[in-house]
Amino acid sequence: MNLKKQPKKQPNTTEMADRQFETEDYNRQDALSQGLAETHEQVSDAYQEGSFEDTDR
């Protein structure tokens, strides 16, 4: 019996780099979609909170 180790499939990094957040990412289970959804949530929270400069008004 000859068991050869299968090479691991490399992700297409060009497709990953071109990918942008979509609202459907919140429901998708792949790591890229989950990462984009989490990052989008963090940016949205930070934007809603504002900055220290905004508190002087």
Side-chain angles (χ1 to χ4, degrees):
M1 181 183 265
N2 186 5
L3 296 175
K4 286 187 175 181
K5 196 173 195 180
Q6 295 291 328
K8 189 174 183 179
K9 184 180 176 188
Q10 296 295 317
N12 184 338
T13 54
T14 302
E15 284 181 18
M16 291 171 55
D18 287 340
R19 180 89 148 62
Q20 294 183 5
F21 170 77
E22 300 170 351
T23 55
E24 293 83 18
D25 288 330
Y26 284 115
N27 299 320
R28 294 180 180 148
Q29 297 302 313
D30 62 285
L32 178 58
S33 295
Q34 290 178 350
L36 287 170
E38 184 174 340
T39 302
H40 180 266
E41 189 71 24
Q42 292 171 344
V43 170
S44 178
D45 289 348
Y47 180 77
Q48 291 294 324
E49 186 177 304
S51 65
F52 292 114
E53 293 83 26
D54 291 339
T55 60
D56 292 337
R57 293 182 188 176

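Keep in mind that this is a model prediction, so the values were computed, not measured.
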Quick check: do Gln34 and Arg28 have side-chain heavy atoms less than 4.5 Å from each other? no
Taking atom CD as the centre, does Gln20 end up with more than 12 heavy-atom neighbours from other residues, nucleotides or ligands that are less than 6.0 angstrom away? no
Straight-line distance of Leu36 CG to Met16 CE, nearest 0.5 Å: 9.0 Å
Which atom of Ser33 lies closest to which atom of Asp30, heavy atoms considered: OG-OD1, 2.8 Å
Mind checking whether Arg19 and Asp25 have side chains closer than 4.5 Å, heavy atoms only? yes
Please report the interatomic distance CZ(Phe21) to CG(Leu32), rounded to the nearest 0.5 Å. 12.0 Å
Does atom CD (Glu22) have a neighbourhood of more than 12 heavy atoms from anything else shown, all under 6.0 Å? yes
Donor-acceptor pair, side chain of Ser44 and main chain of His40, under 3.5 angstrom: no
